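What follows is one structure encoded as structure tokens, with my remarks underneath.
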Amino acid sequence: MIRSISIIIPCLNEEENISKIYKEIKNKFKFKKYEIIFVDDGSTDSSRTEIIKLNRKYKNVRYIFRSNDKDLSRSFYSGVKLSKSEYVILMDCDLQHDPQILNKLFKK
């Protein structure tokens, strides 16, 4: 049975990192049945525009735009509710977590 994974990425004013983290995950994560859910908490930069660009280009990118609630745990929970996957992973948008670790998590 092939399992699916949702990678939930909360973000706030991360326009420079949105496409970087997508590319890093795409290039480093060997498992291919995953989706990325960006949860934007009211960015005032071009983060939302960058997320929409990725969504239009890649079928595995989804998003939630929230406002007036900058809370990491509620952002994550919003992503979990949107997820259709068997497993979920939370990652920071600022590339603090190396996407290479996704391969180790998947093996476990």
Side-chain angles (χ1 to χ4, degrees):
M1 178 178 168
I2 296 177
R3 294 180 166 88
S4 58
I5 297 172
S6 292
I7 303 167
I8 300 170
I9 305 176
C11 54
L12 178 65
N13 297 326
E14 295 281 356
E15 69 181 298
E16 294 180 16
N17 292 326
I18 301 290
S19 61
K20 285 180 188 177
I21 194 157
Y22 180 83
K23 288 175 187 172
E24 286 287 310
I25 292 169
K26 183 178 178 184
N27 292 334
K28 291 183 177 180
F29 192 26
K30 294 176 182 150
F31 183 69
K32 297 303 174 197
K33 190 170 180 176
Y34 65 89
E35 67 177 352
I36 296 175
I37 301 173
F38 288 98
V39 183
D40 185 282
D41 277 349
S43 292
T44 56
D45 63 0
S46 296
S47 292
R48 291 181 179 205
T49 301
E50 293 300 312
I51 292 167
I52 291 169
K53 283 182 194 175
L54 287 176
N55 171 261
R56 289 182 178 155
K57 189 171 182 179
Y58 302 105
K59 295 183 186 283
N60 69 333
V61 174
R62 300 170 70 200
Y63 59 87
I64 301 170
F65 292 149
R66 297 167 10 106
S67 58
N68 300 320
D69 187 11
K70 293 171 177 53
D71 181 272
L72 181 62
S73 60
R74 285 191 291 271
S75 295
F76 178 62
Y77 183 66
S78 294
V80 170
K81 289 194 305 186
L82 182 65
S83 170
K84 296 179 182 176
S85 300
E86 187 174 358
Y87 299 103
V88 295
I89 297 171
L90 174 66
M91 289 187 72
D92 286 345
C93 193
D94 63 3
L95 299 164
Q96 181 172 299
H97 304 126
D98 183 356
Q100 185 68 40
I101 197 75
L102 293 170
N103 296 307
K104 292 180 183 177
L105 286 172
F106 178 69
K107 285 181 184 178
K108 297 287 180 184

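Atom set for the values below is all heavy atoms of this structure, side chains included, hydrogens, waters and symmetry mates excluded. Computed from a predicted model, the values in this text were never measured in an experiment.
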Taking [X] for the side chain and [Y] for the main chain, is one N or O donor matched with an acceptor at less than 3.5 Å?
| X | Y | answer |
| --- | --- | --- |
| D94 | E14 | no |
| S78 | R74 | yes |
| R48 | F65 | no |
| D92 | H97 | no |
| D41 | L72 | no |
| S6 | I8 | no |

Do [X] and [Y] sit in one hydrophobic cluster, given that two such residues count as connected whenever their side-chain heavy atoms are within less than 4.5 Å of each other, even indirectly?
| X | Y | answer |
| --- | --- | --- |
| L95 | I9 | yes |
| L90 | I64 | yes |
| V80 | I89 | no |
| L82 | Y63 | no |
| F76 | I7 | no |

Within 6.0 angstrom of [X] [atom1], more than 12 heavy atoms from elsewhere:
| X | atom1 | answer |
| --- | --- | --- |
| Q100 | CD | yes |
| K23 | NZ | no |
| K104 | NZ | no |

Heavy-atom pair with the smallest gap, counting every atom of I37 and G79: CD1-O, 3.7 Å
Over all atoms of both residues, closest heavy-atom pair of S85 and I5: OG-C, 3.3 Å
The test is side chain to side chain contact (heavy atoms under 4.5 Å, CB included); show your working for D98 and K28 and say whether it passes. CA-CA 9 Å; D98 183 356; K28 291 183 177 180; 3.0 Å; yes
For Y34 and I25, run side chain to side chain contact (heavy atoms under 4.5 Å, CB included): C-alpha distance rounded to whole Å, both residues' side-chain angles, the deciding distance at 0.1 Å, then the answer. CA-CA 10 Å; Y34 65 89; I25 292 169; 3.8 Å; yes
Salt bridge D71-R66, side-chain N to carboxylate O under 4.0 Å: no
Gap separating the [atom1] atom of [X] from the [atom2] atom of [Y], nearest 0.5 angstrom:
| X | Y | atom1 | atom2 | result |
| --- | --- | --- | --- | --- |
| I18 | L54 | CD1 | CG | 7.5 Å |
| N60 | Y22 | CG | OH | 4.0 Å |
| S75 | D69 | OG | CG | 6.5 Å |
| S83 | R62 | OG | CZ | 7.5 Å |

Mutual orientation of the aromatic rings belonging to F29 and F31 [parallel < 30°, tilted 30-60°, perpendicular > 60°]: tilted
With the side chain counted from C-beta on, respond yes when Y87 and L105 share a heavy-atom pair under 4.5 Å apart, and no when they do not.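 Of all side-chain heavy-atom pairs linking L105 with Y87, none is under 4.5 Å.
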Contact between E15 and S43 at the side-chain level, heavy atoms closer than 4.5 Å - yes or no? no
List the steps, then state whether side chain to side chain contact (heavy atoms under 4.5 Å, CB included) holds for Y58 with K26. CA-CA 11 Å; Y58 302 105; K26 183 178 178 184; 3.6 Å; yes
Answer yes if the side chains of S4 and E86 hold a donor-acceptor pair under 3.5 Å, and no otherwise.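 No.
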Evaluate side chain to side chain contact (heavy atoms under 4.5 Å, CB included) for M91 paired with E24, printing each intermediate quantity in order. CA-CA 12 Å; M91 289 187 72; E24 286 287 310; over 6 Å; no
